[in-house]
Chemist: 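The structure follows.
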Amino acid sequence: MKNNLTIYNTLSRKKEKFEPINPPFVGMYVCGPTVYGDAHLGHARPAITFDLLFRYLKYLGYKVRYVRNITDVGHLVNDADEGEDKIAKKAKLEQVEPMEIVQKYANSYHRNMAQLNTLSPSIEPHASGHIIEQAEMVKQILKNGYAYEVNGSVYFDIEKYNKKYNYGKLSGRKLEDLTANTRELAGQSEKKNPFDFALWKKAEPEHIMRWPSEWSDGFPGWHLECSVMSTKYLGEKFDIHGGGLDLQFPHHECEIAQSKAATGEDAVKYWMHNNLITIEGQKMSKSLGNFITLDEMFSGENDLLEQAYSPMVVRFFILQAHYRSTLDFSNKALQASEKGLQRLFKGMETLDKIKPSKESSINFKDIKDKSFNALNDDLNTPILIAHLFDGIKIINQLYSGDETINDTDLTDLKNFYKLIVFDILGLKNENKGQKTDNKFEEVVNLLLNIRLEAKKNKDFETSDKIRDELNKLGIVVKDKKDGFEWEIQ
RNA sequence: GGUCGCGUGGCCGAGUGGCUUAGGCAACGGUCUGCAAAACCGUGUACAGCGGUUCGAAUCCGCUCGCGACCUCCA
């Protein structure tokens, strides 16, 4: 299996050639959502970034197993309500079962991800379905001496771990700095060191999500599920682990420590982190409350939104920035993406109308090569898209007859655009296949044919009236050389 | 406070030593049109500031200013 793909590895802080541990198989684990609220724009970014990678790796011929978890056990909210997890909290608020919350938001997450045209992961494990496995890993870490039990809770012993291994290598932190900077949180006296983290936490009486274990009735620590489920489904060593940049520390750092402490192996070869979406320069996040849910994006129902943005516009917007850069949300930027996406699809429609000639006056190889080079360069989709637009210019020249293309090249060109735009970038033309009612279409066509006649008779008063009135109803009329086109806005 | 990152033309957003006019949107001009719209073609403006290294820096180094991320749940 040959490829020229390089990806940026957070571990080395460099772009590295992508070489799977066990080709042609590739194991990829991505941190999924905690299902306690509607998915927002921020959730779309890793989903789309790693969907792109999933699609591209498959195109390259790899057999990819893509695992993305659903966190439904809940994490500690903070020390003020220690012992209460965020899912249980929401459940009490709404007077429903915790698993009902999980089901509800998992469903809406899946719906949103389908709207964004992301492929389903190969496996989507729930943390709650892997309590036994998590307890097993706790035992293993205890047995290896990197954890200690206090009052029914089990904590990871970072100081001890750091004597043999390197805690902080992913995020570039040093234990001394952590010691100096970790806040002294109340109720943490159980821990040897404030930076130790829970592997198993004893549940307080009011805590409704709990499972029996040899230490206590409780629940697993919040870093554990990813170590456990990635190991279970991808093995002790696997290729790619992805997630949002905000998970780098402490979540992924702790994952590394847990896996190493349990198995003695470095589980992950390539760590990948997508950057965050900002709004007015600030991170969009649940905790800051400045987020826009995906449902709101698609419906326009949020005060920050001037209009609705379709799922493909959101996807294209995200792909127009490199995944390791922050991306600032604004209506202007989204509107620019909307127009750009229209131009891209319009170009592809034009491509279908081109008639082949005997000879080709153009050479598309350059654009093709550059496109794949961009993709291979750590998934540089903004560059890739720029090349696609360069190609659109050529397509228009072919259509106008300023350039020519032969049959073979034309087929090749069409296949290239379909491959990149539909299969790899995962975009789809939403206007296509949006069938309106046949009778309705006939009626509009009838009106426009009357208008055409009026125009022929130079009765512009009537023709303009029909155009303007249709416009008021949201039907945009576009005159063509011999006839018309129309669309519903 | 500690660690890390960023600051590109009206906006978004690539590029990281010498030609990339990156690209998109907007703006302006044109073609088309009865007029429009749409579409297409064409055009301009940039690298936060100061200093240094270099034949040459948006790109490397230093300082200053501004912004952000992580250190607490987060995609």
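Everything quoted here is computed from the prediction, not taken from an experiment. Chain A is the first sequence line, chain B the second, and so forth, proteins listed ahead of strands; every chain is numbered from 1.
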Chemist: Closest nucleotide of RNA chain B for A/G347 versus for A/S463: which of these residues is on the 5' side?
Modeler: A/S463
Chemist: What interatomic distance, in whole Å, is found between C1' of B/A26 and the corresponding atom of B/G9?
Modeler: 12 Å
Chemist: Would you kindly compare A/K478 and A/S287 by the position of their nearest RNA chain B nucleotide and give the one closer to the 5′ end?
Modeler: A/K478
Chemist: Pick the P atom in B/G42 and in B/C47, then give their distance to the nearest Å.
Modeler: 26 Å
Chemist: Over all strands shown, is A/L41 touching base, sugar-phosphate only, or nothing at heavy-atom distances under 4.0 angstrom?
Modeler: nothing
Chemist: Without decimals, in angstroms, what is the distance between A/F329 CZ and B/G13 P?
Modeler: 12 Å
Chemist: Taking the minimum atom-to-atom distance to the side chain of A/R451, which one of B/G34, B/C74, B/G13 wins?
Modeler: B/G34
Chemist: Taking 5.5 Å and 30° as the limits, would you call A/F460 and the base of B/G34 a stacked pair?
Modeler: yes
Chemist: Check this one for me: any side-chain N or O of A/K332 less than 4.0 Å away from OP1 or OP2 of B/A26?
Modeler: no
Chemist: Need one value for A/T326: base, sugar-phosphate or nothing, where a base atom within 4.0 Å counts as base even if backbone is also close, heavy atoms only.
Modeler: sugar-phosphate
Chemist: Go through the steps for A/E159 and A/N162 under the test side chain to side chain donor-acceptor pair (under 3.5 Å), then give the verdict.
Modeler: CA-CA 5 Å; A/E159 198 165 48; A/N162 198 55; over 6 Å; no
Chemist: Taking atom C1' of B/C4 as reference, at what distance in whole Å does atom CZ of A/R13 sit?
Modeler: 7 Å
Chemist: When all nucleic acid strands are considered with a 4.0 Å heavy-atom cut-off, which category describes A/K393: base, sugar-phosphate, or nothing?
Modeler: sugar-phosphate
Chemist: Parallel, tilted or perpendicular: which one describes the rings of A/H40 and A/F291, with boundaries at 30° and 60°?
Modeler: tilted
Chemist: Reckon A/R324 has a side-chain N or O less than 4.0 Å from the OP1 or OP2 of B/G5?
Modeler: no
Chemist: Before accepting this row, confirm whether a basic side-chain N of the pair A/K370/A/D390 lies closer than 4.0 Å to the acidic partner's carboxylate O.
Modeler: no
Chemist: Quantified in whole Å, what is the C1' atom distance between nucleotide B/C6 and nucleotide B/G13?
Modeler: 14 Å
Chemist: Using the P atom as the point on both nucleotides, what is the distance between B/G17 and B/C61, in whole Å?
Modeler: 11 Å
Chemist: Looking only at atom P, what distance separates B/C74 and B/G52, rounded to whole Å?
Modeler: 48 Å
Chemist: Could you tell me whether A/H130 and A/Y233 have their ring centroids closer than 6.0 angstrom?
Modeler: yes
Chemist: From the set B/G13, B/A69, B/C74, return the single nucleotide nearest to any side-chain atom of A/Q282.
Modeler: B/A69
Chemist: Does B/A36 have its OP1 or OP2 closer than 4.0 Å to a side-chain nitrogen or oxygen of A/N471?
Modeler: no
Chemist: Do A/R68's NZ or CZ and the ring of A/F50 fall within the cation-pi criteria of under 6.0 Å and 45°?
Modeler: no
Chemist: Is there, by distance only and without an angle test, a donor paired with an acceptor across the side chain of A/R467 and the base of B/C35 below 3.5 Å?
Modeler: yes
Chemist: B/G44 and B/G1: how far apart are their C1' atoms, nearest whole angstrom?
Modeler: 47 Å
Chemist: Any idea which of B/A75, B/G23, B/C12 is nearest the A/F389 side chain?
Modeler: B/G23
Chemist: Please determine, for the side chain of A/D479, which listed nucleotide (B/G13, B/A75, B/C35) has the closest atom?
Modeler: B/C35
Chemist: Separation of A/L344 atom CG from B/G24 atom P, in whole Å?
Modeler: 11 Å
Chemist: In terms of the angle between their ring planes, are A/F389 and A/F316 parallel, tilted or perpendicular, with boundaries placed at 30° and 60°?
Modeler: perpendicular
Chemist: If you check the A/K339 side chain, which of B/C40, B/G13, B/A26 turns out closest?
Modeler: B/A26
Chemist: Could you state the atom-to-atom distance from NE2 of A/H273 to P of B/C70 in whole Å?
Modeler: 13 Å
Chemist: In whole Å, what is the span from the CG atom of A/D390 to the P atom of B/A22?
Modeler: 11 Å
Chemist: In whole Å, measure the gap between the C1' atoms of B/U20 and B/A46 for me.
Modeler: 14 Å
Chemist: Can you tell me which nucleotide in B/C74, B/C71, B/G23 comes closest to the side chain of A/P250?
Modeler: B/C71
Chemist: Partner of B/C70 by Watson-Crick or G-U wobble geometry, both contacts under 3.5 Å, or none?
Modeler: B/G2
Chemist: Would you say the base of B/C74 and the side-chain of A/K283 have a donor-acceptor pair closer than 3.5 Å?
Modeler: yes
Chemist: Under 4.0 Å, counting only non-hydrogen atoms across every strand here, what does A/G340 touch: a base, just sugar-phosphate, or nothing?
Modeler: sugar-phosphate
Chemist: Would you indicate what A/N396 reaches in the nucleic acid, counting non-hydrogen atoms under 4.0 angstrom: base, sugar-phosphate, or nothing?
Modeler: sugar-phosphate
Chemist: Rounded to whole Å, please give me the gap between CG in A/L276 and P in B/C4.
Modeler: 18 Å
Chemist: Roughly how many Å is it from CD1 in A/I383 to C1' in B/U8, rounded to a whole number?
Modeler: 14 Å
Chemist: Could you work out the separation of B/U64 and B/U45 based on their C1' atoms and round it to a whole Å?
Modeler: 27 Å
Chemist: Find the partner of B/U43: check Watson-Crick (N1-N3 plus N6-O4 or O6-N4) and G-U wobble (N1-O2, O6-N3) distances, both under 3.5 Å, and reply none if neither fits.
Modeler: B/A27
Chemist: Can we say A/K456 and A/E453 salt-bridge, meaning some charged N sits less than 4.0 Å from an Asp/Glu carboxylate O?
Modeler: no
Chemist: Scan A/L327 against the nucleic acid and name what it touches under 4.0 Å (heavy atoms): base, sugar-phosphate only, or nothing.
Modeler: sugar-phosphate
Chemist: Under 3.5 Å, is there an N or O donor on one side and an acceptor on the other linking the side chain of A/D328 and the base of B/G13?
Modeler: no
Chemist: In this structure, which one of A/N9, A/D377, A/T6, A/D378 forms a side-chain hydrogen bond (donor to acceptor under 3.5 Å, both in side chains) with A/K15?
Modeler: A/D377
Chemist: Which nucleotide, if any, forms a Watson-Crick or G-U wobble pair with B/C35, using both distances under 3.5 Å?
Modeler: none
Chemist: Output yes when at least one side-chain N/O atom of A/T49 is less than 4.0 Å from OP1 or OP2 of B/A75, else no.
Modeler: no
Chemist: Between A/R173 and B/C4, is there a side-chain N or O to OP1/OP2 distance below 4.0 Å?
Modeler: no
Chemist: Quick one: label A/A333 by what it contacts on the DNA or RNA (base, sugar-phosphate, nothing), any heavy atom closer than 4.0 Å.
Modeler: sugar-phosphate
Chemist: Verify the neighbour count for atom CZ of A/F364: are there more than 12 heavy atoms of other residues, nucleotides or ligands below 6.0 Å?
Modeler: yes
Chemist: What is the distance from CG of A/L170 to P of B/U3, rounded to the nearest Å?
Modeler: 18 Å
Chemist: If you only use heavy atoms from C-beta on, which nucleotide in B/A75, B/A14, B/G24 is closest to the side chain of A/M284?
Modeler: B/A75
Chemist: If you look at every strand shown and take non-hydrogen atoms under 4.0 Å, does A/H40 touch a base, only sugar-phosphate, or nothing?
Modeler: base
Chemist: Could you please name the partner base of B/C63, counting Watson-Crick and G-U wobble pairs only when both distances are under 3.5 Å?
Modeler: B/G49
